[in-house]
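Notes for the one structure printed next.
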Amino acid sequence: MTRPPASSETIRRRMSRAKRRDTKPELAIRSGLHRAGLRFFVDRPPLPAHGWRRRADIVFPTERVAVFVDGCFWHSCPEHGTIPKNNREWWLQKLDDNRRRDVDTDRVLTEHGWTVVRVWEHDDPGVAVDQVRSIVMEIRRTP
């Protein structure tokens, strides 16, 4: 799928500045997890030995927990997701591909014994931290 040119210089600049990692929601969650005493890897493929290139935002490899902090636009949030008017068909396909890849990522990780946590960028970071912390601590307690 060939990317169409940006509809304006303003849009081109905005899209070129979009962060792939270290977004404000990611930083808030990582900071909270760190304050809770948890250590983890950042922006890492959970299954590198399988030649898998998809990356999780936060990875607890020993516990096999992968955390994804999904952006509302890029992952089609049901509350805040939008579709641009310009190049609409291309964006519909792109965003649908993203959703399908997310579902496939969850399936593959689950099949390999991983717990997948998906958090929307608009979710309360404190709630996300509590959720991830609870999952990691429960796995650590399980023999």
Side-chain angles (χ1 to χ4, degrees), residues 1 3-4 6-142:
M1 172 169 62
R3 184 179 346 168
S7 56
S8 71
E9 182 59 23
T10 301
I11 297 298
R12 187 196 65 73
R13 279 196 308 270
R14 182 184 311 148
M15 295 305 249
S16 71
R17 287 192 311 260
K19 289 182 159 190
R20 193 179 90 75
R21 63 172 275 181
D22 299 334
T23 63
K24 286 181 184 180
E26 283 179 39
L27 293 174
I29 293 168
R30 287 179 0 212
S31 177
L33 291 170
H34 201 268
R35 275 194 311 274
L38 298 176
R39 301 302 178 257
F40 45 84
F41 289 94
V42 175
D43 189 36
R44 178 177 174 172
L47 299 173
H50 293 74
W52 211 50
R53 296 178 44 190
R54 296 177 193 174
R55 305 174 81 80
D57 298 310
I58 301 167
V59 178
F60 295 88
T62 303
E63 297 81 5
R64 291 184 165 207
V65 174
V67 181
F68 296 87
V69 183
D70 292 339
C72 290
F73 173 74
W74 294 106
H75 297 270
S76 301
C77 168
E79 289 181 53
H80 305 110
T82 60
I83 299 170
K85 291 178 183 160
N86 292 321
N87 301 313
R88 183 174 175 79
E89 290 306 312
W90 186 87
W91 280 110
L92 284 168
Q93 183 64 50
K94 169 68 176 160
L95 297 173
D96 186 54
D97 289 348
N98 289 353
R99 280 191 303 274
R100 281 191 274 119
R101 185 177 53 248
D102 290 345
V103 168
D104 185 58
T105 297
D106 294 355
R107 180 189 59 76
V108 170
L109 287 173
T110 301
E111 286 174 358
H112 283 87
W114 285 72
T115 300
V116 177
V117 180
R118 289 211 174 255
V119 178
W120 287 111
E121 69 176 326
H122 65 262
D123 288 342
D124 181 301
V127 172
V129 167
D130 290 345
Q131 177 188 14
V132 172
R133 183 182 174 288
S134 293
I135 291 168
V136 169
M137 297 311 288
E138 181 61 31
I139 291 169
R140 286 180 180 175
R141 282 191 289 271
T142 305

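Just the heavy atoms: all of them, side chains too, but no hydrogens, waters or symmetry mates, feed the values below.
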Applied to residues 56-68, the side-chain hydrogen bond (donor to acceptor under 3.5 Å, both in side chains) test, sequence neighbours excluded, yields E63-R140
Heavy-atom distance under 4.5 Å between the side chains of F60 and I139, does that happen here?
no
*Just wondering, do V132 and I58 contact through their side chains at under 4.5 Å, heavy atoms?*
no
Q) Less than 4.5 Å apart, any side-chain heavy atom of N98 and any of F73? A) no
Check your understanding: Considering residues, nucleotides and ligands other than H80, do more than 12 of their heavy atoms fall under 6.0 Å from its NE2?
Key -> yes
So salt bridge (Lys or Arg N to Asp or Glu O under 4.0 Å) across residues 29-47, not counting sequence neighbours, yields R20-D43, R21-D43, D22-R30, E26-R30, D43-R55
In this structure, CG of L47 is separated from NE2 of H112 (nearest 0.5 Å) by 5.5 Å
Looking only at heavy atoms, the pair that brings W120 and C77 closest together is CH2-CA, 3.4 Å
Note: W114 and A66 closest approach over all heavy atoms is CE3-N, 3.8 Å
What I want to find out is whether R101 reaches D97 closely enough, with some N-O distance under 4.0 Å, to be called a salt bridge. no
Value for SG (C72) from NE2 (H122), rounded to nearest 0.5 Å, stands at 5.0 Å
Side-chain contact test, heavy atoms from C-beta onward, threshold under 4.5 Å: evaluate it for P25 versus V119 and give yes or no.
-> no
The salt bridge (Lys or Arg N to Asp or Glu O under 4.0 Å) partners of E89 (sequence neighbours excluded) come to none
Residues 121-139 vs salt bridge (Lys or Arg N to Asp or Glu O under 4.0 Å), sequence neighbours excluded, gives E138-R141
Applying side chain to side chain contact (heavy atoms under 4.5 Å, CB included) to A28 and not counting sequence neighbours gives P125
Distance col, row T105:OG1 vs F68:CZ, nearest 0.5 angstrom, shows 5.5 Å
Residues passing the salt bridge (Lys or Arg N to Asp or Glu O under 4.0 Å) test with R54, sequence neighbours excluded, are D104
Separation between NZ (K94) and CH2 (W74), nearest 0.5 Å, reads 6.0 Å
dist L95:CG -> W90:CH2 (nearest 0.5 Å) comes out at 8.0 Å
- Task: Answer yes or no: is there an ion pair linking R99 with D102, defined by an N-O contact shorter than 4.0 Å?
- Result: no
